[in-house]
Amino acid sequence: MSAFSTTEAKLTRDEMAQLVAADIPAGAFVNLGIGQPTNVSNYLTKEQGVTLHTENGMLGMGPVATGEDIDEDLINAGKIPVTELPGASFFHHADSFAMMRGGHLDMCVLGAFQVSKDGDLANWHTGAEGAIPAVGGAMDLAIGAKATWVMMSLFTKAGESKLVEALSYPVTGLGCVSRIYTEVAVFELRDSKVFVRSTHGISFDQLAAKVPVELTKA
Amino acid sequence: MSAFSTTEAKLTRDEMAQLVAADIPAGAFVNLGIGQPTNVSNYLTKEQGVTLHTENGMLGMGPVATGEDIDEDLINAGKIPVTELPGASFFHHADSFAMMRGGHLDMCVLGAFQVSKDGDLANWHTGAEGAIPAVGGAMDLAIGAKATWVMMSLFTKAGESKLVEALSYPVTGLGCVSRIYTEVAVFELRDSKVFVRSTHGISFDQLAAKVPVELTKA
Amino acid sequence: MAPRIATSAADAVAEITDGSTVLIGGFGNAGQPMELIDALMECGATDLTVVNNNAGQADAGLALLIKERRVKKIICSFPRQSDSWHFDTAYRAGEIELELVPQGNLAERIRAAGAGIGWFFTPTGYGTLLAEGKETRIIDGKGYVLETPIHADFALIKALKADTLGNLVYRKTARNFGPIMATAAKAAIVQVDEVVQAGSIDPENVITPGIFVDTVVELGGEK
Amino acid sequence: MAPRIATSAADAVAEITDGSTVLIGGFGNAGQPMELIDALMECGATDLTVVNNNAGQADAGLALLIKERRVKKIICSFPRQSDSWHFDTAYRAGEIELELVPQGNLAERIRAAGAGIGWFFTPTGYGTLLAEGKETRIIDGKGYVLETPIHADFALIKALKADTLGNLVYRKTARNFGPIMATAAKAAIVQVDEVVQAGSIDPENVITPGIFVDTVVELGGEK
């Protein structure tokens with residue numbers, strides 16, 4: 001495991017994506033969730049040989065399609081036109097989620113509303129009165145891959161930590177998250193502890209004061 | 001339903017196969033079990049447009065292969081080389097048995113050790129001391145198709161009826177058989193009754209005397 | 001039985017009656033049988049239970065069926081979208097029932113129906129609101145929820161090509177729910193760009209064998 | 001990870017150790033990975049649990065593994081054949097454990113393992129000897145038996161072609177158990193006639209996506 005490190009400035013969204021991309025092992029099969037995680041694909045290098053899965057039925061997804069390459073039959077889970085790489089394959093929805101649920105993906109990267117210190121994930125529903133719920137593939141993704149990483153801002157607009165003792169939002173999956181990338185710190189969740197791998201624009205002590213869970217320097 | 005009829009002579013095995021073939025509705029999807037039922041395929045006409053399923057992964061099976069057409073990658077469930085017809089399709093074992101179990105086949109035709117008046121089928125295991133059991137697809141076939149027909153000789157070598165009140169052999173499937181073709185009679189099982197559709201070389205009364213279940217003329 | 005080749009989308013859906021459960025393929029626009037959905041709109045069938053990944057978008061297709069209150073219940077994974085206003089309105093008015101299902105469970109429940117599986121234990125959704133009231137079990141330390149198959153009367157599917165025996169091939173990610181929905185419905189109704197002769201699709205490449213297909217309508221190529 | 005391209009069948013199976021559970025593809029000779037089985041014989045691994053449709057035939061392949069008492073348990077649907085003498089002898093001597101499974105349940109249990117399904121209710125086998133001691137349930141008046149997934153350490157599979165990313169295509173009824181076994185094993189080892197470049201198999205026609213394949217060995221064409 002990497003030792004603790006710190007940088008002066010907060011990470012930008014692109015820097016977060018870059019960091020996640022660099023951490024993905026060579027040759028991994030990865031599903032990148034809708035939203036911020038999708039940005040990670042821009043920083044994967046050809047040498048890494050990472051294969052992207054999209055749950056609507058494809059392995060070997062390439063970059064977003066532009067111009068003449070746009071084909072409405074070739075889209076990602078966010079319904080954005082994409083391209084296919086040599087060695088791609090198509091399959092139906094049951095096979096695609098079987099691939100995920102069966103633990104064949106090395107990793108998925110998701111956004112989150114909250115993550116608990118035990119790796120419980122909330123990212124599908126605010127639980128707000130009158131909100132229309134929608135879940136999509138969130139629950140399948142959360143528990144399906146061998147490792148689930150989260151990308152999120154660490155604090156809400158009201159300044160509350162999204163890394164919590166116990167979820168107050170509805171659960172997406174229990175005990176599934178093993179790493180959290182935020183603009184101010186990267187956390188690793190293992191052995192029932194929360195390790196801080198790095199801080200950005202904040203010291204470990206400042207961070208520990210703002211986050212309501214016990215933190216350990218990696 | 002057909003009214004009762006009778007013929008002077010017992011049916012030969014080929015005549016039984018011919019009768020079964022003639023009874024299969026046009027356009028049906030059918031699985032013919034190993035042994036005697038396989039012979040039915042010789043009497044299906046092109047006009048009937050019956051599609052044969054083999055549980056080792058094929059729809060649109062053609063006749064047994066001979067000479068140069070023999071291909072060890074193209075076999076039926078009895079491991080006999082067969083041919084493929086235009087419009088055939090190949091699929092894996094889980095899909096093949098899903099097709100059967102999901103009730104998509106119109107019919108399967110099987111051999112039997114015993115059938116009970118309620119349509120319980122015994123055809124996989126004699127239950128004899130020291131016999132090594134083997135089941136193959138028998139249980140899947142028995143309960144999978146929309147209709148299960150049996151072809152068997154009505155009596156054992158010892159002269160005992162194989163159509164019985166209750167099975168003495170181990171069960172393959174419960175309540176699954178709806179029709180039985182034998183060399184001396186054709187039975188239809190419905191509404192908890194056993195109807196005799198035809199007799200061959202035996203009168204209805206003679207038959208009724210030899211079979212230990214209540215029979216009704218169709 | 002070789003499938004009926006319908007003369008039009010209207011002809012293809014003519015047997016769908018009030019109260020039917022209808023599986024509708026597609027994920028986004030890919031694989032969405034838009035002409036069949038429009039024909040279902042025209043044919044007047046109501047009190048429908050619809051199974052789709054979403055609950056209609058903008059002012060077309062499934063959204064219009066919902067707008068006209070022809071759908072009494074929808075089983076889907078992702079109803080709320082930026083342009084799902086007709087669903088949102090019907091839902092808030094209490095005029096449509098929603099069964100929300102994680103996407104993979106939705107797919108597996110449809111697959112189970114087609115495959116003759118009774119109930120099954122899936123890890124997806126365990127410990128969540130969507131498992132409330134459902135039987136659960138811990139197997140090897142992992143939590144599972146018991147889910148049921150989703151059987152339907154009809155499936156509306158879009159494929160690329162059918163042969164005259166109903167064998168289907170799809171195109172890219174438009175495959176999505178089509179192959180499993182075809183297996184789970186009593187009658188699968190398929191719109192294709194092209195109907196070809198039996199024997200012109202390589203048996204190795206058939207995705208949906210013709211046994212699952214009841215009605216085919218050829219609607220030509222690119223829209 | 002792209003699969004390892006092994007240099008020989010022996011190299012391909014080198015990681016199989018004593019006590020492993022090994023899925024072996026094939027139905028009759030079709031799809032049977034004979035060279036990999038021979039290599040498994042050579043490599044010396046013992047105390048194996050083997051999953052195959054049969055329990056070996058004549059004096060070759062799996063039958064020899066059984067003859068040499070390298071298989072402590074076999075999970076299969078049809079052990080007894082006219083030429084299954086090595087199994088028969090071992091079984092009668094009480095030197096091999098047999099778990100007899102209806103063929104469709106065997107396939108579905110392997111599929112469930114690969115698909116991350118916990119337990120499932122299947123109608124096949126209900127009311128029979130093979131359901132004795134198993135949990136059952138009546139659903140809509142029909143009896144079902146609860147069955148478990150079959151997970152394995154290795155799968156030995158024969159396919160027609162692999163590309164360098166491990167995408168597989170099969171040939172005719174030799175497909176049989178291969179695609180599901182590839183999904184249910186920690187490591188799928190595949191013998192193929194030919195390895196081709198990534199991109200040379202049409203993505204629409206891939207039967208086993210490379211994600212399921214760990215080791216490929218090219219053993220040339222017709223035997």
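Every chain is numbered from 1 and lettered A, B, ... according to where its sequence line falls, protein lines coming before strand lines. Reckoned from all heavy atoms, side chains included, excluding hydrogens, waters and symmetry mates. If you're wondering where the values come from, they're calculated on a predicted model, not measured in any experiment.
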What pair of heavy atoms forms the shortest contact from [X] to [Y], and how long is it?
| X | Y | value |
| --- | --- | --- |
| A/I132 | C/R80 | O-NH1, 3.0 Å |
| A/G137 | C/Q103 | N-NE2, 3.3 Å |
| C/G31 | A/D73 | N-OD1, 4.3 Å |
| C/I180 | A/A94 | CG2-CB, 3.7 Å |

Determine which pairs satisfy ring pair (Phe, Tyr, Trp, His ring centres under 6.0 Å) with at least one residue from residues 83-142 of chain C, sequence neighbours left out, and list them in order.
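Applying ring pair (Phe, Tyr, Trp, His ring centres under 6.0 Å) to every pair that reaches into residues 83-142 of chain C, excluding sequence neighbours, yields C/F87-C/Y91.
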With a 4.5 angstrom heavy-atom cut-off, could you sort out which part of [X] is near chain C: side chain, backbone, both or neither?
| X | answer |
| --- | --- |
| A/S89 | neither |
| A/F90 | both |
| A/D95 | neither |

Parallel, tilted or perpendicular: which describes the rings of C/F27 and A/H93, with under 30° parallel and over 60° perpendicular?
tilted
Which of the residues [options] is involved in the greatest number of heavy-atom pairs with chain A at under 4.5 angstrom?
| options | answer |
| --- | --- |
| C/Q81, C/K142, C/M181, C/E108 | C/E108 |
| C/G143, C/G125, C/G178, C/P123 | C/P123 |
| C/S84, C/P79, C/G127 | C/P79 |

Choice from A/V171, A/D120, A/D140 maximising heavy atom contacts with chain C below 4.5 Å
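The residue among A/V171, A/D120, A/D140 with the greatest pair count is A/D140.
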In terms of heavy-atom pairs under 4.5 Å with chain C, which of A/G57, A/A88, A/G136, A/A138 leads?
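Heavy-atom pairs under 4.5 Å are most numerous for A/G136.
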Is [X] close to chain A through its backbone or its side chain, or both, or neither, when contacts mean heavy atoms under 4.5 Å?
| X | value |
| --- | --- |
| C/R109 | neither |
| C/R111 | side chain |
| C/N105 | both |
| C/L98 | side chain |

For a side chain to side chain contact (heavy atoms under 4.5 Å, CB included) with C/T173, tell me which candidate from A/N56, A/V82, A/D71 qualifies.
A/N56
Would you indicate whether [X], at its atom [atom1], is surrounded by more than 12 heavy atoms from other residues, nucleotides or ligands within a distance under 6.0 Å?
| X | atom1 | answer |
| --- | --- | --- |
| C/R92 | CZ | yes |
| C/K72 | NZ | yes |
| A/K146 | NZ | yes |
| C/K134 | NZ | yes |

Passes side chain to side chain contact (heavy atoms under 4.5 Å, CB included), A/I143 versus C/T124? Steps please.
CA-CA 7 Å; A/I143 60 105; C/T124 302; 3.7 Å; yes
With rounding to the nearest 0.5 Å, note down the distance linking [atom1] in [X] to [atom2] in [Y].
| X | Y | atom1 | atom2 | result |
| --- | --- | --- | --- | --- |
| C/S77 | A/F97 | OG | CZ | 7.0 Å |
| A/M58 | C/K172 | CE | NZ | 7.5 Å |
| C/L100 | A/H125 | CG | NE2 | 8.5 Å |
| C/Y170 | A/F91 | OH | CZ | 15.5 Å |

State which residues pass side-chain contact (heavy atoms from CB on, under 4.5 Å) with A/S178; sequence neighbours excluded, sorted by chain then number.
A/A147, A/W149
Quiz question: by atom type and distance under 3.5 Å, do the side chains of A/K79 and C/N54 form a donor-acceptor pair?
yes
Derivation of the side chain to side chain contact (heavy atoms under 4.5 Å, CB included) call for C/L130 and A/M139:
CA-CA 10 Å; C/L130 300 187; A/M139 290 183 181; 3.7 Å; yes
